[in-house]
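Have a look at the structure below, then the notes.
As the structure is a computational prediction, the values presented were derived from the model and not from experiment.
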There are 2 protein chains.
Amino acid sequence: MARERKFNTVELFHEAKQLLLQHGYDGFTFSLLADRMEVSRAALYKYYDNKEELITDFMVYEMEEFLDELKEIEKLEGFERQFDFLIDLIFKKTEVHELIRAAEHVIARMEAAFTSREKLEKLPLDMYKFLQRFILLGKAEGKLKEHIPDGLIIGFILQTVAIPNHFGIPKAEWIHSIKEIISQGMFMNN
Amino acid sequence: MARERKFNTVELFHEAKQLLLQHGYDGFTFSLLADRMEVSRAALYKYYDNKEELITDFMVYEMEEFLDELKEIEKLEGFERQFDFLIDLIFKKTEVHELIRAAEHVIARMEAAFTSREKLEKLPLDMYKFLQRFILLGKAEGKLKEHIPDGLIIGFILQTVAIPNHFGIPKAEWIHSIKEIISQGMFMNN
DNA sequence: GACAAAAGTTACATAAGTGTCACTTATATT
DNA sequence: AATATAAGTGACACTTATGTAACTTTTGTC
């Protein structure tokens with residue numbers, strides 16, 4: 001009945017991601033996005049009323065995708081395997097971390113009325129809750145130190161991805177060393 | 001000879017910092033800043049030709065201030081004391097870390113012509129070089145693991161400040177646990 | 001082949017940011 | 001008191017982003 005679409009949601013979100021990471025929330029504009037999609041700006045307004053709505057939808061999509069992959073963690077036996085899987089996933093999806101932080105930013109300046117706001121607020125907590133099960137397993141197995149707060153353990157692991165590799169250390173060595181620091185620390189044991 | 005100034009550089013940079021952290025580089029405008037300073041927009045143009053120049057100058061100022069405080073580290077004897085001092089300083093100056101990352105962003109989209117660009121590019125490296133001495137001391141004293149790259153150790157320590165404390169764990173406990181993870185890891189030693 | 005319906009475009013009004021210039025205001029010096 | 005001078009303002013021209021409405025294009029269905 002209708003004419004063929006020039007772009008799909010996946011393409012749209014792909015470009016939106018680039019722009020968001022490059023320019024941040026305030027620097028993100030419909031003009032920029034429309035140019036990238038090689039489509040008129042008004043076409044975007046057919047699907048999203050404004051920037052907030054588009055960005056919120058995109059973030060929900062992005063985090064759901066990450067959560068889906070993350071859920072595979074439950075299929076692995078034992079804490080150590082899960083630990084390895086998690087670190088590798090985080091490094092595979094480097095940007096998710098940045099986007100989660102951006103999400104807090106978006107929520108902060110979003111009008112309360114938005115329906116998608118609820119979803120966006122819920123997702124990071126979902127993720128934390130999900131990861132908490134993994135932490136509990138580690139503590140139950142006697143692998144993780146009991147006295148360190150769960151929230152810090154989760155945050156610590158997620159944060160490592162954002163360490164800037166200024167000196168261009170090879171990725172394999174980089175990740176390996178990060179795993180060591182997280183698990184055993186950077187101090188010698190005397 | 002001249003009339004009294006309505007604001008000084010310290011006040012200006014103070015407001016600029018708030019705006020930068022809140023809105024990011026793209027969201028930072030002269031109008032916003034002028035409003036905050038309760039001064040006309042044109043007045044700002046008396047001192048800075050544009051946003052780039054103002055932000056660059058501000059960042060140089062901010063990082064120099066941090067470096068100055070950091071240099072106190074040399075007065076302390078032994079690696080462990082220096083380690084404690086460093087972590088505490090980083091947590092005292094939480095935002096510097098965010099600003100350093102923002103600096104990379106600014107550099108990326110800055111015209112090559114700027115004179116202050118050089119200074120801005122140089123400062124993070126200065127800081128890394130300075131911290132490297134501290135790392136070398138730790139390795140020489142046999143306190144730090146030799147095989148972990150210096151750049152990672154520095155980045156790791158700087159990064160911890162950015163871990164979001166979603167569950168509102170008390171600051172003292174938070175910092176204490178971070179020191180433990182960095183030094184000894186989060187795994188039990190069996 | 002005409003029509004319905006969604007996709008897409010062009011064009012407009014409005015709002016906000018930028019940079020500049022002529023102008024006014026305050027103040028130390030003489 | 002007169003004046004030089006830097007501080008600050010108001011207003012203009014220009015650019016870029018926003019949101020909307022009237023219009024055109026494509027495509028499946030009858």
Side-chain angles (χ1 to χ4, degrees), chain A residues 1-58 102 105-106 109-111 113-117, chain B residues 1-59 102 105-106 108-111 113-117:
Chain A
M1 272 179 177
R3 138 190 208 180
E4 207 186 354
R5 283 192 54 168
K6 285 180 78 179
F7 62 96
N8 59 39
T9 313
V10 175
E11 283 161 37
L12 186 78
F13 284 172
H14 178 78
E15 298 301 333
K17 185 201 260 181
Q18 312 298 317
L19 288 177
L20 263 176
L21 293 174
Q22 238 183 75
H23 298 273
Y25 181 81
D26 285 287
F28 178 94
T29 69
F30 268 40
S31 318
L32 239 38
L33 184 57
D35 280 1
R36 287 246 197 161
M37 304 294 301
E38 290 181 310
V39 96
S40 76
R41 199 168 47 83
L44 298 180
Y45 280 96
K46 287 276 146 93
Y47 304 96
Y48 302 94
D49 283 351
N50 51 49
K51 174 163 140 168
E52 283 188 353
E53 205 179 295
L54 191 153
I55 292 182
T56 315
D57 276 19
F58 155 68
H105 204 251
V106 176
R109 64 183 59 198
M110 205 157 56
E111 269 124 60
F114 270 93
T115 35
S116 25
R117 184 196 164 105
Chain B
M1 272 177 176
R3 135 190 211 179
E4 208 186 351
R5 282 193 56 170
K6 285 179 77 179
F7 62 96
N8 58 42
T9 314
V10 176
E11 284 161 37
L12 186 78
F13 285 173
H14 178 77
E15 298 301 332
K17 184 200 260 181
Q18 311 299 318
L19 289 177
L20 263 176
L21 293 174
Q22 238 183 73
H23 299 273
Y25 182 81
D26 284 287
F28 178 94
T29 69
F30 267 41
S31 317
L32 237 39
L33 185 57
D35 280 1
R36 287 243 197 165
M37 305 293 300
E38 290 181 306
V39 96
S40 76
R41 201 168 47 82
L44 298 180
Y45 281 97
K46 286 273 148 92
Y47 304 96
Y48 301 94
D49 283 351
N50 51 49
K51 173 163 141 168
E52 283 188 354
E53 205 179 294
L54 191 154
I55 292 182
T56 315
D57 275 18
F58 156 67
M59 287 193 164
H105 204 251
V106 177
R109 64 184 56 197
M110 206 157 55
E111 269 123 61
F114 271 92
T115 34
S116 27
R117 183 194 164 106

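Taken to the nearest 0.5 Å, the CG atom of D35(A) stands 10.0 Å off from the CZ atom of R41(A).
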For nucleotides 26-30 of chain D, which of its nitrogen or oxygen atoms have a protein nitrogen or oxygen under 3.5 Å away, and what is each distance?
unit_1, atom_1, unit_2, atom_2, d
dT27(D), O2, M1(A), O, 2.7
dG28(D), O4', M1(A), N, 2.8

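For DNA chain C, none of the residues of residues 10-27 of chain A falls under the heavy-atom distance limit of 4.0 Å. Contacts of residues 32-43 of chain A with DNA chain C (heavy atom under 4.0 Å): V39(A), S40(A), A42(A), A43(A).
For the pair F58(A) and F13(A), the tightest heavy-atom approach, listed with the atom from each and the gap, is CE1-O, 3.5 Å. Of all heavy-atom pairs spanning S40(B) and A34(B), the tightest one is C-CB, 4.0 Å. Contact detail for L33(B) and A16(B): the closest heavy-atom pair is CD1-N, 3.8 Å.
Note that the two end axes of the helix from dG1(C)-dC30(D) to dT30(C)-dA1(D) enclose an angle of 0°, each drawn from 5 base pairs, rounded to 10 degrees.
Taking atom NZ on K51(A) and atom P on dG19(D), their separation rounds to 9 Å, with Å as the unit.
With the nearest nucleotide of DNA chain D identified for both L44(B) and Y45(A), L44(B) has the one nearer the 5' end.
The nucleotide range of DNA chain C contacted by chain A, defined by atoms under 4.0 angstrom from heavy atoms of the protein and reported 5' to 3', is dA4(C) to dT10(C).
Annotation: salt bridge (charged side-chain N to carboxylate O under 4.0 Å, His left out) contacts of R3(A) (sequence neighbours excluded): none.
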Under 3.5 Å, sequence neighbours excluded: what are the donor-acceptor pairs made by side chains of residues 17-30 of chain B?
unit_1, atom_1, unit_2, atom_2, d
K17(B), NZ, E62(B), OE2, 2.8
K17(B), NZ, E95(B), OE1, 3.4
H23(B), ND1, R109(A), NH1, 3.3
D26(B), OD1, R109(B), NH1, 3.2
D26(B), OD2, R109(B), NH1, 3.2
T29(B), OG1, L32(B), N, 3.0

Donor-acceptor list for residues 5-12 of chain A side chains, cut-off 3.5 Å, not counting sequence neighbours:
unit_1, atom_1, unit_2, atom_2, d
R5(A), NE, F7(A), O, 3.0
R5(A), NE, Y47(A), OH, 3.3
R5(A), NH2, F7(A), O, 3.2
K6(A), NZ, E38(A), O, 3.3
N8(A), OD1, V10(A), N, 3.1
N8(A), OD1, E11(A), N, 2.8
N8(A), ND2, E11(A), OE2, 3.3

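Contacts of Y48(B) with the nucleic acid, taken as non-hydrogen atoms under 4.0 Å apart, are absent.
In the interface, the side chain of K46(B) is paired with the base of dG8(D) through a donor and an acceptor atom under 3.5 Å apart.
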